[in-house]
Every structure is written in C-alpha cells, then in structure tokens.
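Okay, structure first, notes after.
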Protein chains: 2
Amino acid sequence: MDQISSPTSARLRAMQAEGLDLDNCPVRTVISRLGSKWAPLLLQLLSERPHRFSELRRLVPDISQRMITQTLRDLERDGYVHRSVLPTKPPSVTYSLTGLGISMFESYRFVFEWAEANHRAVRSARAAFDAREGG
Amino acid sequence: MDQISSPTSARLRAMQAEGLDLDNCPVRTVISRLGSKWAPLLLQLLSERPHRFSELRRLVPDISQRMITQTLRDLERDGYVHRSVLPTKPPSVTYSLTGLGISMFESYRFVFEWAEANHRAVRSARAAFDAREGG
DNA sequence: CTGGATCCTCTATGATACTG
DNA sequence: CAGTATCATAGAGGATCCAG
C-alpha cells in the first residue's frame with residue numbers, strides 16, 4: 001500500500017528521509033481540489049450541459065463573482081473544464097466539461113447521488129450527536 | 001431540477017423570498033464536509049480497517065494532533081465514524097466506519113480509484129496550463 | 001457580459017504546552 | 001495514549017469598484 005501524506009516541518013524531514021513522495025499523493029492532487037466550497041456545485045451544473053458565466057452565477061445565487069471566476073479557473077487548470085470565448089459584443093463565455101472532466105464526474109457523481117439519497121440521515125446524525133454533547 | 005445554493009446578503013434575501021432552501025442542499029450538507037483537507041485521507045484508511053488514534057497519526061505524518069482529533073470528531077458527528085474507547089491504562093481508542101460511513105464510502109471510493117488512475121493526467125494539465133499562462 | 005484588482009474578514013489549520 | 005487548551009497565521013472567501 002502507498003503512504004498517504006505530505007509533511008511540513010520536523011516530521012516532514014523525517015518522512016523525506018524515508019523517501020516518501022507526498023506531493024504525488026492522488027488524494028491530495030485530485031480529491032482535495034474537487035472538495036472546495038464551490039467546485040462540486042459548478043461541476044454538477046456543468047455535468048448537465050455547458051453553461052454561460054452568468055447562468056452559473058444565477059444558479060448558484062450566493063457565490064461571489066470573484067469565487068466563480070477563480071473556481072472555474074482552477075478547474076480549467078486541472079483539465080476538467082474548457083473555457084470558450086465568443087468574441088461577440090459584449091463577450092460571451094461558455095464553460096463545459098472536457099473529456100477528463102466527464103471521465104472524472106462519472107466517478108464523482110456517485111457521491112452526489114449518495115448525498116441526494118442520504119443527506120437527511122447525515123443531518124439526523126448531526127442533530128443526535130449535538131443533543132448528546134449539549135446534554 | 002432542484003436549485004443548488006444558499007445565499008448570504010442581498011442575494012440571499014432575494015432567494016429566500018423565492019422560497020429556496022439552501023441549508024437543505026445535499027451537496028453542501030454532505031460533499032463539502034467530505035472534501036476537507038484531512039477527511040478523505042482518514043476515511044480511506046478507516047475504509048480498510050479500524051484504526052487506533054496513533055496509527056492514523058503515523059500513517060498521515062503531516063497531520064497535527066489537533067486536526068486529527070477535530071476531523072475524526074466531525075466525521076463522528078455526521079455519523080460516518082464510530083469512536084470506541086477501551087478503558088485500559090493508558091486508554092486505547094479505536095475508530096471505525098459506521099454503517100452510514102461504509103455506505104457512503106462505497107460511492108466515494110470511485111473517486112479515489114479515479115484519482116489513483118488519473119492524478120498524473122491532472123498534474124500534466126496543470127503544468128500545461130501554467131506553461132501557457134506563464135509564457 | 002465577463003472578468004481583474006483591491007481591501008478586508010473570518011475560518012481552517014499549525015505549533016506548542018499541558019493533562020487524565 | 002489520546003486527547004484539550006491556547007496562541008498565532010496563512011489562505012479562503014466576500015464586498016466593492018473598475019475595465020475591455
């Protein structure tokens with residue numbers, strides 16, 4: 001089995017001495033990024049069909065202009081999203097999933113389906129835990 | 001289709017006026033939490049078998065004591081993880097997945113497998129993007 | 001319409017020291 | 001061994017204004 005992490009200080013140096021390669025960890029490279037605050041929502045929307053910038057903004061009402069831009073840019077950088085600019089006036093920009101993005105979402109979507117089916121159970125567990133603690 | 005978000009200020013009030021229930025969003029309830037920095041790593045380890053606190057710490061060398069405690073606590077609160085204390089001396093604590101946790105990971109694990117198979121492609125895309133930008 | 005630039009705030013996380 | 005408490009900080013994210 002592979003080792004999982006990527007150290008920072010004293011522990012870090014000890015790890016590196018043992019030859020571990022934490023920057024190559026699949027979880028840290030892929031999953032951490034997909035778990036950001038807005039990436040899941042945007043990916044879900046783009047998995048349905050390509051969307052304009054303003055459409056995404058409207059469909060995710062509480063995202064700031066700054067974060068929608070930045071999140072889409074991160075997803076583009078990692079190869080999941082394609083950005084296509086139509087030189088109209090004013091410009092129109094459409095975002096869509098790339099082949100890599102589609103491939104990724106075929107796996108990621110199982111988590112969305114699980115969440116859809118079980119989010120109530122999670123909220124229940126949360127409430128029960130809080131009741132125990134608070135009491 | 002359901003609406004996705006959960007507003008914060010002016011937009012928020014506008015949304016609520018339309019009757020949207022952003023706090024009930026499955027993505028925000030479930031997926032956001034699973035995407036935290038350490039949760040994926042700990043879940044992956046616990047999906048293999050139960051682990052002691054110190055084992056997890058050793059297997060994830062760059063996690064701080066504080067974050068391992070807090071992340072496990074969050075996962076316990078949401079019903080994914082069970083914490084069992086053996087009253088030995090000194091105490092021994094074992095963490096394991098609950099039924100809900102096992103169920104969830106049966107979906108989540110596809111993402112891990114995808115990451116394992118494609119993290120190099122993602123890193124390539126990232127490098128290519130940076131080359132374009134930087135150049 | 002689609003952003004970029006700036007400033008500001010708050011949360012997540014780390015480091016460290018202490019305890020049953 | 002398995003935490004808790006405290007302090008400090010980087011970075012995520014929001015608000016606002018400006019521009020092609």
Side-chain angles (χ1 to χ4, degrees), chain A residues 5-15 22 28 32-42 46 50-77 81-96 133, chain B residues 5-15 22 28 32-42 46 50-77 81-96 133:
Chain A
S5 314
S6 124
T8 353
S9 60
R11 302 189 120 221
L12 172 56
R13 286 188 294 278
M15 301 296 310
L22 301 152
R28 296 177 191 231
S32 295
R33 211 173 268 292
L34 299 182
S36 79
K37 181 169 182 180
W38 303 110
L41 294 168
L42 296 180
L46 293 181
H51 283 278
R52 294 272 305 268
F53 184 90
S54 51
E55 290 178 326
L56 294 172
R57 202 160 133 69
R58 183 170 40 79
L59 291 168
V60 186
D62 57 338
I63 193 174
S64 66
Q65 212 168 36
R66 185 176 174 281
M67 286 317 295
I68 196 172
T69 299
Q70 181 177 312
T71 304
L72 288 170
R73 215 178 144 72
D74 287 343
L75 293 174
E76 187 192 0
R77 183 168 106 102
V81 163
H82 175 68
R83 176 173 179 272
S84 95
V85 185
L86 282 148
T88 57
K89 208 156 179 16
S92 144
V93 179
T94 301
Y95 293 90
S96 55
E133 300 297 295
Chain B
S5 314
S6 129
T8 356
S9 61
R11 302 191 120 219
L12 172 58
R13 285 188 295 278
M15 299 296 311
L22 300 151
R28 297 179 190 231
S32 293
R33 211 174 266 292
L34 298 181
S36 79
K37 181 169 183 180
W38 303 108
L41 294 167
L42 296 180
L46 293 181
H51 283 277
R52 295 272 305 268
F53 184 91
S54 50
E55 289 178 326
L56 294 172
R57 202 162 134 69
R58 183 169 40 78
L59 291 168
V60 187
D62 56 339
I63 194 174
S64 65
Q65 210 167 37
R66 187 174 172 282
M67 285 319 295
I68 196 172
T69 299
Q70 181 176 312
T71 304
L72 287 169
R73 214 175 142 72
D74 287 342
L75 293 174
E76 185 192 2
R77 183 168 106 102
V81 163
H82 174 69
R83 176 173 179 274
S84 95
V85 185
L86 282 147
T88 57
K89 212 168 175 33
S92 146
V93 179
T94 300
Y95 293 90
S96 54
E133 300 298 295

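Chain A is the first sequence line, chain B the second, and so forth, proteins listed ahead of strands; every chain is numbered from 1. Everything numeric here is computed off the predicted structure, so don't read it as measured data.
- Checked against side chain to side chain donor-acceptor pair (under 3.5 Å), B:S92 has the following partners two or more places apart in sequence or in another chain: B:R52.
- Summarising the geometry, the separation between NE2 on B:H51 and P on D:dC1 is reported as 17 Å, rounded to the nearest angstrom.
- Contact annotation: A:K37 does not reach the phosphate of C:dT11 (side-chain N/O to OP1 or OP2, under 4.0 Å).
- Checked against side chain to side chain donor-acceptor pair (under 3.5 Å), B:R73 has the following partners two or more places apart in sequence or in another chain: A:E133.
- Protein atom NZ of B:K89 is 14 Å distant from nucleotide atom P of D:dC1, rounded to whole Å.
- Computed from coordinates, the A:D74 CG to D:dG11 C1' distance equals 13 Å when rounded to whole Å.
- Residues meeting the side chain to side chain contact (heavy atoms under 4.5 Å, CB included) test with A:H82, sequence neighbours left out: A:S84, A:S96, A:T98.
- Distance, A:L41 CG to D:dG13 P: 12 Å, rounded to whole Å.
- Partner of B:L56 under the side chain to side chain contact (heavy atoms under 4.5 Å, CB included) criterion, out of B:I68, B:I63, B:T71: B:I68 alone.
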### Query
Quick one: what's the B/S/- string for nucleotides 1-8 of chain C, heavy-atom cutoff under 4.0 Å, read 5' to 3'?
BBBB-B--
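- Atoms CD1 (B:I63) and P (C:dT16) sit 17 Å apart, rounded to a whole Å.
- Going from atom CD of A:Q70 over to atom P of D:dA12 covers 7 Å, rounded to whole Å.
- When rounded to the nearest whole Å, the span between CG of A:L42 and P of D:dG13 equals 11 Å.
- A search for side chain to side chain contact (heavy atoms under 4.5 Å, CB included) contacts involving A:S64 returns A:R66, A:M67, not counting sequence neighbours.
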### Task
Tell me, with the steps shown, if A:L41 and B:R28 meet side chain to side chain contact (heavy atoms under 4.5 Å, CB included).
CA-CA 9 Å; A:L41 294 168; B:R28 297 179 190 231; 3.4 Å; yes
### Task
Check the pair A:F53 / A:R83 against side chain to side chain contact (heavy atoms under 4.5 Å, CB included), numbers first and verdict last.
CA-CA 10 Å; A:F53 184 90; A:R83 176 173 179 272; over 6 Å; no
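- Helix bend of the helix from C:dC1-D:dG20 to C:dG20-D:dC1: the angle between its two end axes, each built from five pairs, comes to 50° after rounding to 10°.
- Contact detail for B:A39 and B:L75: the closest heavy-atom pair is CB-CD2, 4.3 Å.
- Here the closest non-hydrogen pair linking B:T88 and B:P90 is OG1-O, 2.8 Å.
- Atom-to-atom, CE of B:M67 to C1' of D:dA5 comes out at 15 Å; the value is rounded to the nearest Å.
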